[in-house]
Amino acid sequence: MKILVFIKQVADSEARIIISADHKSLEIENKYTLNFFDEFAVEEAIRIKEKFKDSQITVCTFGAKRSIEALRTTIAMGADRAFLIDNTQYPSENPMVVATILARFAQQEGFDIILCGRQAMDDENAQLGSMIAELLSIPHISAIMKLEIIGDKKVRVENEIEGGRATIEVTLPALFTTQKGLNEPRVPLITGVMKAMKATIPVIDPLTLGLTKEELDSYAAMMHLFSYEPPPSRPPVKIIEGETPEEKVNKLIKILKEDAKVL
Amino acid sequence: MDFKLTEEQEFFKKTVTDTIDRIVTPRAQEIDEKDEFPWDVWKEFTKLGYIGLRYPEEIGGMNADKIMCMIFYEEIARASVGFAQSVIMNILMGTYFLFRFGSDAIKERCLYPAMRGEKIATICFTEDQSGSDLGATRTTAVKDGNGWRINGTKMWITNGPICDFCTVLATTDPSKGLKGLNFFLVEKGTEGFSSGQIINKLGCRGTVTGELVFDNVWVPDENFLGEELGKGVVYVGDILDEVRLMTGAMALGIAKGAYNEALEYSRKRIAFGQPIGNYQLIREKFAEMDTLMNAARLLLYYGSWLLENKMDCRVVAAESKMFATEVCLKVVDELTRIYGANAFAYEYTPQRYFRDARFLLYGGGTHEVLKDFIGRSLIGKL
């Protein structure tokens, strides 16, 4: 079983992020981590390999050189090998550009299953999985909560739908995006950390994947980032005064009815 | 000169930080409040293999270089120095002499299980009348048949009351002073070996520290840990620099934890209509703290680099421990000032850093003893 996992290194949730003066770019504190939803993808790949020993887990990302750290984390967890498609020469975050590059990598590498997080925690686009599947003309199930290999080239998955779960059988090759609840990502053992530290991670120029700059430019031109804006600042906290708890609750109910109009 | 961590060391640092923040940090306050050894955290953490950090890969270790060891010590102390003390005791002092001198049977019985976290290790130096002054050690080991008869009481033993085995410093000839000192392995269950009073400590709570009593304890010759009699003090010297650097790393860890708390608080705490981090007197504190912590870390890494390259680091190791600890005390003090009155309340974290930092004044040598040693080394024999 050839398993491909696409990941992204994103800003840590505790990193300080400042919007530039022209609102066109972000200054991010140097704290990065493996995307939260991608951890489930890596873990699921490892669990498949634990059942089907001859499986091979290949992890890949399109990103900056620093993304090697996130790739090493996946090797520490149990992935077999990892590749960085370096975005230095083509630093686009346009989902269609990234999907095109990763789909081309998948075509060259070969695969039975592709796993990736349901969305990145930074841009929250949630587009990459479906785009890659479409470009590869394979089935795509989003936000899976359970995955079971039920036969040669057949997988049964469950995903969350409004008010319940759906069970779906899919013929491989297929792409699945992963959701919280699918598994509990493991903490790397020190043996994994050592393996990851020693691992050689090949760096690939995206333009060596049979893609032309013109093709990527045409996709990049489809979208234009207009500006970044911070979320509106929260209104000040209102302290409800009162002699007794009953008095305070009555005042609260009045405010919720008359001012907030939520009751 | 290259001051940069290698990409591998950076990755190690990130992984260790993430792992500790997942397993230890969320439990730190509880560990301190309960002041009980956190067995569940211990089991979850030690199964990852970090206890073998500094031992060869062939025996299940990681063969980490000294810089990586310091990174680890700093990060785990940042999270919970109470838990860190127990872990580091197993990693370094508690297993050092078994790895170096233990027979295959001893390694199978004690060292390897300790590296897996299945056994708790400790080392016994201190007595009621001897700490830095090892020549005053009164615990005796007397030859008795095919073994040794040990008598004495050890104090301030980290992990002591819960240990499965300990390395004991005892004198085989009190008339020889330091040259009479030797190390012996004593295992739990040996007749006459028991745990005495548990110390109710100001800080580093969660680590169980106490008295160990050796009442006519007999151990076989195999348990003598050394090449020849009388070299115990030489062996102490062999590990002392690493212990002092490790203590410096722990001090930096506490300082870093306190600094991070201060930073977060100064960004959130509003006074006179704006975050207190906007005020110059608060900013000045961060400028000073960061400068001092950077200086302490450079000295620590320099000492570790000397140690890694088998160069003389006795003075630098002592300076590093002393300086990092003083920096730590300064940073935790500033944290309590930035936090204001909330620092005085047990429900907030500054008081924990404040209490924990005090222990480092004594562990690894008091600063009075260290300063005397450094000064004597620099001036030379007159």
Side-chain angles (χ1 to χ4, degrees), chain A residues 7 9-18 29-36 38-39 42-43 59 64-79 82 84 86 121 184-203 233-237 239, chain B residues 5-26 41 43-65 67-69 71-72 75-76 87 91 115-117 260-261 263-264 266-268 270 273-275 277:
Chain A
I7 62 138
Q9 188 193 45
V10 296
D12 190 282
S13 58
E14 290 182 5
R16 303 252 303 159
I17 298 172
I18 298 166
E29 187 184 6
N30 189 25
K31 284 184 183 172
Y32 290 91
T33 189
L34 174 60
N35 178 41
F36 174 75
D38 297 343
E39 285 188 32
V42 176
E43 176 64 33
V59 183
K65 284 262 171 60
R66 58 172 158 69
S67 304
I68 284 179
E69 189 176 80
L71 292 169
R72 285 198 196 282
T73 299
T74 69
I75 292 177
M77 288 173 75
L84 169 70
D86 184 8
M121 296 293 278
E184 182 64 36
R186 68 195 61 197
V187 180
L189 298 173
I190 203 164
T191 45
V193 177
M194 288 157 57
K195 184 182 160 201
M197 284 170 64
K198 292 173 187 164
T200 303
I201 296 182
V203 179
S233 56
R234 285 190 294 180
V237 173
I239 308 284
Chain B
L5 294 180
T6 64
E7 190 203 316
E8 290 77 13
Q9 287 167 336
E10 287 283 7
F11 171 73
F12 177 75
K13 185 177 180 181
K14 162 93 173 116
T15 308
V16 163
T17 304
D18 288 349
T19 301
I20 288 168
D21 280 345
R22 197 152 147 181
I23 298 173
V24 185
T25 309
V41 183
K43 280 176 188 154
E44 192 181 355
F45 187 76
T46 56
K47 75 180 180 193
L48 300 175
Y50 283 96
I51 302 291
L53 187 70
R54 55 187 299 290
Y55 293 125
E57 292 179 46
E58 302 83 67
I59 61 166
M62 190 183 177
N63 203 24
D65 63 42
I67 298 284
M68 285 163 64
C69 288
I71 289 170
F72 177 85
E75 287 304 317
I76 195 160
V87 169
I91 290 177
M115 287 170 63
R116 295 191 294 268
N260 289 344
E261 293 272 349
L263 198 62
E264 197 183 332
S266 68
R267 284 172 175 160
K268 286 184 183 166
I270 306 290
Q274 55 183 314

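In what follows, chains carry the letters A, B, and so on, assigned in the order in which the sequence lines appear, proteins first and then strands, with residues in each chain numbered from 1. Side chains are part of it too, since the values below use all heavy atoms of this structure and drop only hydrogens, waters and symmetry mates.
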Task: Residue pair B/F12 / A/V193: nearest heavy atoms and the distance that separates them - done: CD1-CG1, 4.0 Å

Open item on the list: To the nearest 0.5 Å, what is the distance between CD on A/E14 and CG on B/D21?
Closed with: 7.5 Å

- [ ] Any pair with a residue in residues 185-195 of chain A that passes side chain to side chain donor-acceptor pair (under 3.5 Å), sequence neighbours left out, goes on the list, sorted by first then second residue, please.
- [x] A/E43-A/R186, A/E50-A/R186

Task: B/K14 (side chain) donor-acceptor with A/Y32 (main chain) under 3.5 angstrom - done: yes

Open item on the list: According to side chain to side chain contact (heavy atoms under 4.5 Å, CB included), who are the partners of A/I190, at least two apart in sequence or on a separate chain?
Closed with: B/Y50, B/L53, B/M62

TODO: Scan B/D18, B/T15, B/T19 and name whichever one has a side chain to side chain contact (heavy atoms under 4.5 Å, CB included) with A/V187.
DONE: B/T19

TODO: Find the one option among B/E264, B/K47, B/E57 whose heavy-atom pairs under 4.5 Å with chain A are most numerous.
DONE: B/E57

Task: side chain to side chain contact (heavy atoms under 4.5 Å, CB included) partner of B/E7, chosen from A/M197, A/R66, A/R72 - done: A/R72

